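One structure is given below, encoded as structure tokens.
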2 protein chains.
Amino acid sequence: MPASRKEAEPGRCNNTALRKAARHVTRFYDGCMAESGLRTTQYAILNLLADRGPMTMAALAGLLVMDRATMGHNLRPLERDGLITIEVGRSDRREREVSLTDFGRQREAEGKTLWLKAQRRFEQAFGAEDAKAMRRVMARIAAMELDVQSVRPFGREV
Amino acid sequence: MPASRKEAEPGRCNNTALRKAARHVTRFYDGCMAESGLRTTQYAILNLLADRGPMTMAALAGLLVMDRATMGHNLRPLERDGLITIEVGRSDRREREVSLTDFGRQREAEGKTLWLKAQRRFEQAFGAEDAKAMRRVMARIAAMELDVQSVRPFGREV
DNA sequence: GAATAATATGGGCATATGAGACCATATGCA
DNA sequence: TGCATATGGTCTCATATGCCCATATTATTC
């Protein structure tokens, strides 16, 4: 009995539905990438840097819809292991420019092979077109304006 | 400029797409629930117990598509704060039966109000029907059989 | 009935996630 | 110039996530 068996009942909470799917799929992708020593989050970061070149932490965080502090945490193991460098921005010294090292570029390329396998196996099971549609829906959700409105007696939204 | 502004480019990785959406929505739900002192994961657990009664850690983990160890970790703060009790199973002493305390039931009820607000605001922005369809897709994904097949030379799949 | 396998959980480790307070730097404006 | 404000990151804290290994308990097998 595979670990994924569950009742069909979808549940009412949009957030929980998303998280359950994300947990399941992340476990699969992480498992596929395990032999590379990279987690999917790490690979996602390296892949962005490989495709788009160096960028600031805030830019990376924005692209991955991630808190800036979280991005800072996630970069540390990559820096420690020599996959990236983090340097003070030249034009704006508040910024930190994140760059791939040669080693990082190499590890990203190795990871791509495993990621592709995971991607193919997922889409073989789920359907390539369904997957594409799903990614579109996810992108739409990630781009939604969802601000926690603090209730303020005499208004003036912040 | 809200934090959610991003390019429309959906990206190719199914896992990353899911995680980005999950991060965004979780931040929103967590923000809405903040004044209750409950995270969405915690509320999801309490809600399951409130709706279905006491159950084992493994059952809870299965329902939330979560690793059993993860469920164990997540239960500890709830136990520490007196919202749940964890007792050795009567018929099978390997099991741990998780139950809501009166305090936990009360906190779950408080949380439900805030969760409902988050849910309504999300669906107002995203569309109730679209949300329903999205939850169905997520449930389908969460129920997929995705086993990391270890490559085995003369194969007998495990 | 003892050896063996399977199951449920706990502990330790590492990364993932984000809030809040804080610091450094940059920008706008008087 | 000088202050107020905005922005980018860091540090601390707490929870979230899942792996591996160990332990306890139950089920199987010979």
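The basis for the numbers below is simple: all heavy atoms, side chains too, and nothing from hydrogens, waters or symmetry mates. The shown structure was predicted, so the numbers you read here are calculated from the model rather than taken from an experiment. Per chain, numbering begins at 1; letters A, B, ... match sequence-line order.
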| task | Establish, with yes or no, whether the OP1 or OP2 oxygen of D:dA24 is under 4.0 angstrom from a side-chain nitrogen or oxygen of B:R93. | result | no
| said: Heavy atoms from C-beta onward define the side chain here; which of D:dT10, C:dT17, D:dC19 lies closest to that of B:H73? | reply: D:dC19
| request: Counting heavy atoms from C-beta on, name the nucleotide in C:dA16, D:dT25, D:dT12 closest to the side chain of B:D92. | output: D:dT25
| task | Respond yes when some side-chain nitrogen or oxygen of A:R27 is under 4.0 Å from OP1 or OP2 of D:dG18, and no when none is. | result | yes
| Contact residues, residues 98-109 of chain B to DNA chain C [heavy atom, < 4.0 Å] | none
| said: Taking only side-chain N and O atoms of B:R76, does any of them lie within less than 4.0 angstrom of OP1 or OP2 on C:dG11? | reply: yes
| message | Between B:M55 and B:V98, is there a side-chain heavy-atom distance shorter than 4.5 Å? | response | no
| Presence of B:N74 side-chain N/O under 4.0 Å of D:dT15 phosphate oxygens OP1/OP2 | no
| task | Would you indicate, yes or no, if D:dT17 has its OP1 or OP2 atom less than 4.0 angstrom from a side-chain nitrogen or oxygen of A:R23? | result | yes
| Take atom CG in A:D102; do more than 12 heavy atoms of anything else shown fall under 6.0 Å from it? | no
| If an axis is fit to five pairs at each end of the helix from C:dG1-D:dC30 to C:dA30-D:dT1, what is the angle between the two, to the nearest 10°? | 10°
| query | Heavy atoms under 4.0 Å, any strand shown: does B:T70 hit a base, just sugar-phosphate, or nothing? | reply | base
| said: With a cut-off of less than 4.0 Å, is there a side-chain N or O of B:R19 near OP1 or OP2 of C:dA16? | reply: no
| task | Would you classify A:R68 as touching base, sugar-phosphate or nothing, given that sugar-phosphate means primed atoms plus P, OP1 and OP2, and contacts are heavy atoms under 4.0 Å? | result | base
| task | With a 4.0 Å heavy-atom cut-off, tell me which residues in residues 78-87 of chain A come close to DNA chain D, sorted by residue number. | result | none
| said: Whole angstroms only, please: what is the CZ-C1' distance between B:R94 and C:dA6? | reply: 8 Å
| Sub-4.5 Å side-chain heavy-atom contact between A:M71 and A:L75 | yes
| field | Proximity to the side chain of B:E95 - top-ranked nucleotide from C:dT15, C:dA8, D:dG8 | value | C:dA8
| So what does A:T56 hit on the nucleic acid, given a heavy-atom distance under 4.0 Å: a base, only sugar-phosphate, or nothing? | sugar-phosphate
| task | Would you sort out whether A:N74 and A:T41 count as a side-chain hydrogen bond (donor to acceptor under 3.5 Å, both in side chains), showing the intermediate values? | result | CA-CA 8 Å; A:N74 291 346; A:T41 301; 5.5 Å; no
| said: Among C:dG18, D:dT17, D:dA16, which nucleotide has an atom closest to any side-chain atom of B:R39? | reply: D:dA16
